[in-house]
Visitor: 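Please find one structure pasted underneath; my questions will follow.
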2 protein chains.
Amino acid sequence: MTTINDIAKLAGVSRTTVSRFLNSNGYVGQEARERIEQVIQETGYMPSQSAKSLRTKKTGVIGIILPKISTETSSRVVSGINDVMKKKGMQILLTDTELDPDKEIEYLRLLKSRQADGIILLATNISERLQKEIDAIPIPVVALGQDVPGIPSLTYADYDASSDMMQLLIGKGHERIGFIGVSNTDPAVGGIRQKAYKEMMQKHGFEVREGWIAEGDFSIESGYEAMKQIITSDRTEVPTAIFCVTDRMATGAMEYLKEQGFRIPEDIAVAGIGDAVMSRYITPSLTTVDYFNEEAGEATAEMLLATMEGKNYNKKNMHKYRLIKRDSV
Amino acid sequence: MTTINDIAKLAGVSRTTVSRFLNSNGYVGQEARERIEQVIQETGYMPSQSAKSLRTKKTGVIGIILPKISTETSSRVVSGINDVMKKKGMQILLTDTELDPDKEIEYLRLLKSRQADGIILLATNISERLQKEIDAIPIPVVALGQDVPGIPSLTYADYDASSDMMQLLIGKGHERIGFIGVSNTDPAVGGIRQKAYKEMMQKHGFEVREGWIAEGDFSIESGYEAMKQIITSDRTEVPTAIFCVTDRMATGAMEYLKEQGFRIPEDIAVAGIGDAVMSRYITPSLTTVDYFNEEAGEATAEMLLATMEGKNYNKKNMHKYRLIKRDSV
DNA sequence: AGATGATGTGTAATCGATTACACACCGTTT
DNA sequence: AAACGGTGTGTAATCGATTACACATCATCT
């Protein structure tokens with residue numbers, strides 16, 4: 001590999017001058033400039049980022065810690081982050097915890113060691129150890145999707161969105177409303193959304209029947225199983241509506257209901273959250289909440305950028321959302 | 001940030017010993033080992049990757065050049081790559097060309113400058129300039145999805161899969177078969193799949209009518225528009241089957257057909273390629289080809305690893321596939 | 001007893017960039 | 001004519017690790 005020294009030698013100048021040329025700071029004469037330009041052209045020289053980073057402490061890389069790479073939400077968020085970051089000439093380093101809380105910590109360390117300029121954390125749960133780790137890290141960290149104490153976070157409006165959805169269901173006359181959630185170790189998806197469900201039920205004086213509540217693990221199949229569990233728990237009295245905390249689980253739930261000959265929404269209405277692409281094209285199309293994931297990714301990126309510049313310390317934001325009424329309700 | 005020198009000083013040894021401890025090479029005595037261990041524990045020291053990379057020329061990062069981050073295919077492939085790479089302690093740096101061929105070159109350069117240990121290219125088209133750039137790069141590059149001359153490539157079995165699908169259609173008695181493709185600047189998706197379509201039609205002596213061929217841009221909407229174009233080109237004689245080169249476009253096509261009151265598959269059969277998750281849950285479920293994207297990602301990662309070790313030079317592989325017969329045909 | 005080899009540690013060069021500082025030149029101002 | 005400031009370039013230290021080489025110690029073998 002050609003180095004800055006080679007370029008300097010070939011162009012007959014010192015490496016300082018070459019460096020000045022590369023970074024366009026300081027003076028570089030016309031002649032020197034031309035010779036350097038030419039030599040770089042000929043050699044295809046590219047400065048070593050490692051050397052640069054070692055000196056400047058800037059890597060131009062921001063790390064993203066995802067629960068899972070290949071989900072629609074993740075890829076939409078990453079796409080949004082990337083849109084903002086590429087404009088700043090920053091690259092994205094991906095890591096994937098596979099929903100393992102230990103890995104969140106492990107990757108936080110790793111990104112520290114790689115001296116990422118910033119970190120975006122899509123946490124799933126917030127342990128004390130994670131907190132400590134974040135506090136100990138000399139790199140700006142921001143969170144998306146969960147309110148992580150101590151750092152700037154952009155959360156989805158889980159409570160409001162869920163309440164709105166419940167209100168929609170209730171407005172259509174539903175009283176026997178079932179719920180398919182996820183483990184409440186996930187505060188946002190598991191905790192808050194269920195809280196909204198229960199509080200809305202109670203507020204309207206509807207019975208929250210245990211048999212109508214089931215838990216999945218984000219997968220379509222688990223939605224299917226959860227739905228089966230709810231239906232078979234008491235065949236004599238099934239709910240007239242099901243509120244699922246994700247579109248994927250709602251899709252699975254619908255699959256089961258269709259198999260069993262239930263008409264959607266006439267017999268049972270189904271609602272989800274997340275506006276997966278799929279939701280629009282399944283039959284009936286799914287009523288859901290759009291969380292604007294790309295934009296949330298962009299906003300989080302901006303938040304990180306601001307934090308990196310020292311602004312914006314510990315700001316908390318809630319992202320916008322939009323109820324999408326389709327045919328499943 | 002604490003450095004190796006700090007650790008050495010605190011532990012009362014030289015930095016050489018600390019380095020030996022860290023990399024577990026060379027001898028380190030019991031006492032020294034314990035002291036170093038403790039100091040590292042206390043300080044939370046992490047070695048600087050930049051410094052390490054500068055010396056060793058290894059970054060532990062592999063770059064992926066994607067046409068688009070937020071597509072299902074991309075995220076599945078990346079997930080597969082990541083599964084393999086994480087076992088080797090390698091991280092993934094993502095770049096996204098937005099289908100712009102110039103960016104493929106730009107990112108190749110960038111990854112060179114970042115001294116990625118290897119590069120996986122999901123090319124969309126193969127220009128001469130790209131070729132030259134690849135040749136000039138002192139980093140192993142492998143390709144997925146396109147046969148890129150001069151480097152190891154894993155391609156999908158586009159010709160065979162398309163032929164099989166055509167055979168399925170023809171076996172069901174279809175003779176008037178339409179085609180929704182993409183621009184043939186993309187050799188694999190645009191070129192080969194169309195070639196298979198045309199050759200199968202000709203082989204069976206069926207007329208390839210121009211009005212029954214339309215081009216989309218991978219999006220669902222473009223599939224919708226392409227279908228519309230085909231149907232409206234000659235209302236008196238519409239095809240009885242449509243072969244779409246991607247599931248997304250097939251989804252759009254089905255959407256249009258359903259709107260227009262066509263029954264699928266009775267009036268018009270629809271087939272796709274790619275086995276998007278969605279395809280199973282739309283109505284009717286879509287007949288398609290599973291390309292095993294995760295596994296293809298894994299295989300490509302293994303190919304890169306082998307290439308990085310000097311084996312495997314310029315090997316060409318074709319990935320397996322599986323026809324999935326569902327209700328749309 | 002001297003040679004040998006395993007064990008344990010340190011010295012110092014090196015990787016490829018950035019940058020503070022010094023210096024030289026030259027036209028303009030006072 | 002001396003002082004000054006803008007231009008243009010070079011010297012050398014520095015970032016934080018790795019590693020070739022040298023050296024010291026000690027147990028074992030011949």
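Fair warning: this is a prediction, and the values are worked out from it, not measured in the lab. What you see below is based on every heavy atom in this structure, not just the backbone, and it leaves out hydrogens, waters and symmetry mates. In what follows, chains carry the letters A, B, and so on, assigned in the order in which the sequence lines appear, proteins first and then strands, with residues in each chain numbered from 1.
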Visitor: Is there a side-chain polar atom (N or O) of Thr16(B) under 4.0 Å from OP1 or OP2 of dT18(D)?
Guide: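 No, no such contact exists.
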Visitor: Strictly by modelled atom types, are Asp158(B) and Tyr291(B) linked by a side-chain donor-acceptor pair under 3.5 Å?
Guide: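 Yes, because at least one side-chain N or O of Asp158(B) sits under 3.5 Å from a partner of the opposite role on Tyr291(B).
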Visitor: Of the nucleotides dG10(D), dG16(D), dA17(D), which has the atom closest to the Leu54(B) side chain?
Guide: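 Between dG10(D), dG16(D), dA17(D), the one nearest the side chain of Leu54(B) would be dG16(D).
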Visitor: Run Glu302(A) and Lys88(A) through salt bridge (Lys or Arg N to Asp or Glu O under 4.0 Å) and show every step you take.
Guide: CA-CA 11 Å; Glu302(A) 299 286 8; Lys88(A) 299 278 173 177; over 6 Å; no
Visitor: Between Leu22(A) and Gly12(B), just flag the one whose closest nucleotide in DNA chain C comes earlier from the 5' side.
Guide: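 This one resolves to Gly12(B).
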Visitor: Is the NZ atom of Lys132(A) crowded by more than 12 outside heavy atoms at less than 6.0 Å?
Guide: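 Counting neighbours around NZ of Lys132(A), 12 or fewer heavy atoms of other residues, nucleotides or ligands fall under 6.0 Å, so no.
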Visitor: Is the shortest side-chain N/O distance from Lys57(B) to OP1 or OP2 of dC15(C) below 4.0 Å?
Guide: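 So the side chain of Lys57(B) is outside the cut-off, no N or O lying under 4.0 Å from OP1 or OP2 of dC15(C).
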Visitor: How long is the line joining CD of Gln115(B) and C1' of dA17(C), in whole Å?
Guide: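 Atom-to-atom, Gln115(B) to dA17(C), this comes out as 11 Å.
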Visitor: Would you say Tyr27(A) reaches dG10(D)'s phosphate, i.e. side-chain N/O to OP1/OP2 under 4.0 Å?
Guide: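 The answer is no; no side-chain N or O of Tyr27(A) sits under 4.0 Å from OP1 or OP2.
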Visitor: Would you kindly give the NZ-to-C1' distance between Lys58(A) and dG16(D), to the nearest whole Å?
Guide: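 From Lys58(A) NZ to dG16(D) C1': 16 Å.
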Visitor: With distance as the sole criterion, do the side chain of Ser19(B) and the base of dT19(D) form a donor-acceptor contact below 3.5 Å?
Guide: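 Not at all, since no donor on one side and acceptor on the other fall under 3.5 Å apart.
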Visitor: Ignoring hydrogens and geometry beyond distance, is a side-chain donor-acceptor pair present between Glu294(A) and Ser70(B) at under 3.5 Å?
Guide: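 Absent: no donor and acceptor within the cut-off.
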Visitor: Measure the distance from CZ on Arg55(A) to C1' on dG16(D) and round it to the nearest whole Å.
Guide: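 Nearest whole value for this atom pair: 12 Å.
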Visitor: Check Glu31(B) with Arg35(B), please: is the shortest side-chain N to carboxylate O separation under 4.0 Å?
Guide: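 Yes, Arg35(B) and Glu31(B) are salt-bridged.
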Visitor: Rounded to the nearest angstrom, tell me the gap between atom CD1 in Ile4(A) and atom C1' in dT14(C).
Guide: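 So the two atoms are 17 Å apart, to the nearest Å.
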Visitor: Base, sugar-phosphate or nothing for Tyr45(A)? Non-hydrogen atoms, less than 4.0 Å.
Guide: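 Here Tyr45(A) touches the backbone only, sparing every base.
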Visitor: When you check the phosphate oxygens OP1 and OP2 of dG10(D), does a side-chain N or O of Ser14(A) lie under 4.0 Å from one of them?
Guide: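 The answer is yes; a side-chain N or O of Ser14(A) sits under 4.0 Å from OP1 or OP2.
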Visitor: Return no unless some side-chain N or O of Ser53(B) is found under 4.0 Å from OP1 or OP2 of dA17(D).
Guide: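 Answer is no, no contact under 4.0 Å.
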Visitor: For Leu10(B) and dG16(D), give me the distance from atom CG to atom P, rounded to whole Å.
Guide: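 Rounded to whole Å, this separation is 15 Å.
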Visitor: Round to a whole Å and report the spacing from CZ of Phe21(B) to P of dG10(C).
Guide: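 Rounding to the nearest Å, CZ of Phe21(B) and P of dG10(C) are 15 Å apart.
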Visitor: Please tell me if Lys52(B) has a side-chain N or O lying less than 4.0 Å from either OP1 or OP2 of dT18(D).
Guide: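 Yes.
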Visitor: Mark yes or no for a side-chain to base donor-acceptor pair under 3.5 Å between Arg20(B) and dG10(C), with no hydrogen or angle criteria applied.
Guide: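 Per atom types, the contact qualifies.
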Visitor: Which residue lies toward the 5' end of DNA chain C, Arg15(B) or Asn23(A), if each is placed at its nearest nucleotide?
Guide: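 Mapping each residue to its closest nucleotide by heavy atoms, the 5'-most match is Arg15(B).
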Visitor: Starting at CG of Asn25(A) and ending at C1' of dT7(D), how long is that distance when rounded to a whole Å?
Guide: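 Taking CG of Asn25(A) and C1' of dT7(D), I get 15 Å after rounding.
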Visitor: Rounded to whole Å, please give me the gap between CG in Asn5(B) and C1' in dC15(D).
Guide: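 Between C1' of dC15(D) and CG of Asn5(B): 11 Å.
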